[in-house]
Amino acid sequence: VPRQVRARVRRWRARGKSVAFVPTMGALHAGHLALIARARRAADRVVVSLFVNPLQFDNVNDLKAYPRDFTRDLGILSGAKVDLVFAPRADVFYAKDHATRVVVEGLDRVLEGAHRKGHFTGVATVVTKLLHVVEPDQLWLGQKDAQQVAVLKRMVRDLDLPVAVRVGATVREKDGLAMSSRNARLSADERAQAPALYAALRAGAQRLLHPGRAPAVHVAELAMHVVLARAKLLRVDYATLVDPRTFSAPGRDVRRGLLVVAARFPSARLIDNLPVRLGGAR
Ligand code: PAF
């Protein structure tokens, strides 16, 4: 119940304890656990939410197919030294006539935003609600959803929300595939081709070490598409280089870029990214 969660956290904070919050949609994997462990080291108390947010799914089938196993998730969290789990029911958390949305303009129109209409508005709205319930000192997010990180950092800044946004590194399988709840949906053949996303990012990063005279974005895109084309079951939504703050093409003075990729298998859509340093003269 939101009121009880808020009261509990307020008691901790009144006693001088710092509180970290890790929002999740359940289907917990090693990536979540690494994020929770980081949060644990950074704060005195850790709160985790389990909530499959209907507002952020642009596709009813994706929402239906989203893996849910509450009992398993609770078991995992009890082993992860989490102090409090907030798992509201959707019909309780959202009033029947819920009408309010938080829109982060611009960032919600490009790349993931363009491919998943309304997705970031759904994310920004639920995270605003969750932050108001939990009132944490720190909000912990995974780097794998880099555009979500950019959207939420902008929202926190724009709305003066009193929370520090912290980012945990992407956790990968041995073959490079980024951990994701959607990986569970891949067929054996798709799973065998899935490391192509990370391989493409690495190829892009490698090429950017010696970009030559061509624009960095073109160099990176070409290198990534060559690798992705080998994965025959994949349909690429985008594979490009962006400024991680705006998710559009980096200006000439930008030193830190982000390679981003999104691609669809018949069974699931995957995303991944890799930060890169950009040279001076481009
Ligand atoms: O990254 C996620 O799992 C979700 O987008 C989040 C941040 C929990 C909001 O529903």
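As the structure lists them, so they are numbered: ligands from 1, and atoms in each ligand from 1.
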Pairs touching residues 51-62 that satisfy side chain to side chain donor-acceptor pair (under 3.5 Å), sequence neighbours left out:
N53-Q56, N53-Y94, D62-R182, D62-R185
For atom CZ of R101, decide whether the heavy atoms of other residues, nucleotides or ligands shown that lie under 6.0 angstrom number more than 12.
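Yes, the 6.0 Å shell around CZ holds more than 12 heavy atoms from other groups.
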Between R172 and D272 (salt bridge meaning N to carboxylate O under 4.0 Å), is one present in this structure?
yes
Got a salt bridge between K17 and D137, using NZ or NE/NH1/NH2 to carboxylate O under 4.0 Å?
no
Exercise: identify the closest heavy-atom pair between A203 and V227
CB-CG2, 3.7 Å
Measure and list all N/O to N/O distances between ligand 1 and the protein that fall under 3.5 angstrom.
from	atom 1	to	atom 2	distance (Å)
ligand 1	1 (O)	Q148	NE2	2.8
ligand 1	5 (O)	Q56	NE2	2.9
ligand 1	5 (O)	Q148	OE1	2.7
ligand 1	10 (O)	Q56	OE1	2.6

Heavy-atom side-chain contact between L274 and L258 under 4.5 Å
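Contact flag for L274/L258 side chains = no.
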